[in-house]
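Below: one structure, written as structure tokens.
Throughout, a chain's letter reflects where its sequence line sits, starting with A, and its residues are numbered from 1.
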Amino acid sequence: MGLRVENLGTSARPSIRIVVFHDGGFEDGTKRELRDELAWRFHLDADLREFDRRMRVDARFAPVFRRWRGMRGSNPYTLYELMIVGALLQNATVRRTVQMTEALLHAFGTQVRFDRRALFAMWTPAELCRVSEHQLRELKVGYRAKMIKRLSAAFAAGEVDEFKLRAMDHESARRELMALYGVGPETARILLGSAFHYHSMVRHIAPWEGKIYSRLFYNRRMVAESRIRDDLNRRYGAYASLAASYIFEDVFWRRRHEHIAWLEKEIRL
DNA sequence: CGGCAGGTGCGGA
DNA sequence: TCCGCACCTGCC
């Protein structure tokens, strides 16, 4: 299926319309399943009222929380797809991640055309299992080839149940994810926030993120990860990682309109 | 040409 | 639990 999402509402009265493009086999049952799945992936039923109330009185970042009101952890992908993205993000610049992603999609993805667009759908775990590590390395993904193989094998063998993970508590889900080859604390953080909508305790801050938080929170070059983490958890409690993501997103949004010298030095495209 | 990038697995303290 | 190290590749 190809989907087009249209905004039909306002912040006060949110409403969207989903237009579905398909080549047959779309029935009423499919429609309900699709709606439920989209509601999960984009966390459409998130209740952010308590979060809004709390952040509205934040001494320092209240304007940030106001500007992004309604934002929540979400993503359009399946867990497998997001995990592959996570593997391709590791230890790479954005440019290189894009290059690896395009190489893989052209080799193993399916190009679909709908709504006057041509997009790639990712391969399935089973399909990737028939690809050798050597073939992957030829597409310049480096040591990530092994991760892609092992993750695909785990999913193809039914060892990862996305729906079971959705029902788990934060810590259990994190433990299960980190047991997978290629998923460490940073990829787990991305998955837990984007795919599972856990927004409570901050467990891990990657070095490059730590540098950005250091500037934003302390106006210093580098503050210890443990201190940033503890401060965030103390200040924002059950909403610590959601609050952190608001503040993090905001600085990148500001970057589009104003020059932030220190930020330019911290990021490489 | 070394250093490093939106990390991770592994072996050893 | 924590630490140091190797690891594909491409850009600076």
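- Formation of a donor-acceptor pair under 3.5 Å by the A:Asn233 side chain with backbone atoms of A:Val202 is found in this model.
- Separation of the P atoms belonging to C:dG4 and B:dG6 is 22 Å when rounded to the nearest angstrom.
- Stacking of A:Arg166 on the aromatic ring of A:Phe163 is recorded, both the 6.0 Å distance cut-off and the 45° axial limit being met.
- Taking the six-membered ring for Trp and the full ring otherwise, the centers of A:Phe61 and A:Phe217 sit less than 6.0 Å from each other.
- Ring geometry for A:Trp253 against A:Trp68 counts as perpendicular: the plane angle is over 60°, on a 0 to 90° scale with 30° as the lower cut.
- As rounded to whole Å, 13 Å separates atom C1' of B:dA5 from atom CD1 of A:Ile212.
- No donor-acceptor distance shorter than 3.5 angstrom exists from the side chain of A:Asp115 to the backbone of A:Arg117, with no hydrogens or angles considered.
- Residue contacts shown for A:Gln99 are limited to sugar-phosphate atoms, with no base heavy atom under 4.0 Å away.
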Can you pull every protein N or O that's under 3.5 Å from an N or O on nucleotides 2-4 of chain B?
none

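- Under the 3.5 Å distance criterion, the side-chain polar atoms of A:His199 are left unmatched by any main-chain donor or acceptor of A:Tyr239.
- Looking only at distances, a side-chain donor or acceptor of A:Lys149 sits under 3.5 Å from a matching main-chain atom of A:Val131.
- One N or O on the side chain of A:Thr97 and one on the backbone of A:Leu88 form a donor-acceptor pair closer than 3.5 Å.
- Side chain of A:Tyr246 to backbone of A:Met71: a donor-acceptor contact under 3.5 angstrom is found.
- Within residues 242-254 of chain A, no residue approaches DNA chain B, by heavy-atom distance under 4.0 Å.
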| said: What does the 5'-to-3' dot-bracket notation of DNA chain C look like when only Watson-Crick and G-U wobble pairs under 3.5 Å count, and pairs to other strands show as |? | reply: |||||||.||||
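- A donor-acceptor contact closer than 3.5 angstrom is absent between the side chains of A:Thr124 and A:Tyr80.
- Between the side chain of A:Arg113 and the backbone N or O of A:Ala118 there is no donor-acceptor pair closer than 3.5 Å.
- With rounding to whole Å, A:Glu102 atom CD is found 14 Å from C:dG10 atom P.
- The neighbour count for A:Arg221 CZ, taken as heavy atoms of other residues, nucleotides or ligands under 6.0 Å away, does not exceed 12.
- Among residues two or more places apart in sequence or in another chain, the ring-ring contact (aromatic ring centres under 6.0 Å, His included) test is passed with A:Tyr181 by none.
- Remark: the backbone N or O of A:Gln90 is paired with a side-chain donor or acceptor of A:Arg144 at under 3.5 angstrom.
- As rounded to the nearest Å, B:dG11 and C:dC8 have P atoms that lie 16 Å from one another.
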N/O contacts under 3.5 Å, protein versus nucleotides 2-5 of chain C?
none

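- Taking a cutoff of 4.0 Å between a charged side-chain nitrogen and a carboxylate oxygen, A:Asp231 and A:Arg234 qualify as a salt bridge.
- Regarding A:Arg95, its CZ atom lies at a distance of 23 Å from the P atom of C:dC8, rounded to whole Å.
- Between A:Lys211 atom NZ and B:dA5 atom C1' the separation is 9 Å, expressed in whole Å.
- Spacing of P atoms, B:dC4 relative to C:dC5, comes out at 14 Å, to the nearest Å.
- Looking at heavy-atom distances under 4.0 Å, A:Arg144 makes contact with a base.
- Remark: the A:Arg96 side chain and the C:dC8 base include a donor-acceptor N/O pair separated by less than 3.5 Å.
- Taking atom P in both B:dG9 and C:dG10, one finds a spacing of 23 Å when rounded to whole Å.
- Of the C1' atoms belonging to C:dA6 and B:dG3, the separation is 15 Å, rounded to the nearest Å.
- In this structure, A:Arg72 contributes its side chain and A:Gly70 its backbone to a donor-acceptor pair below 3.5 Å.
- Computed from coordinates, the A:Leu263 CG to B:dG6 C1' distance equals 13 Å when rounded to whole Å.
- As rounded to whole Å, 16 Å separates atom C1' of C:dG10 from atom CZ of A:Arg137.
- Classification of the A:Phe108-A:Trp123 ring pair by plane angle, with boundaries at 30° and 60°, yields perpendicular.
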| request: Go along nucleotides 7-13 of chain B 5' to 3' and tag each nucleotide: B for a protein heavy atom under 4.0 Å from its base, S when only backbone or sugar atoms are that close, - otherwise. | output: BSS----
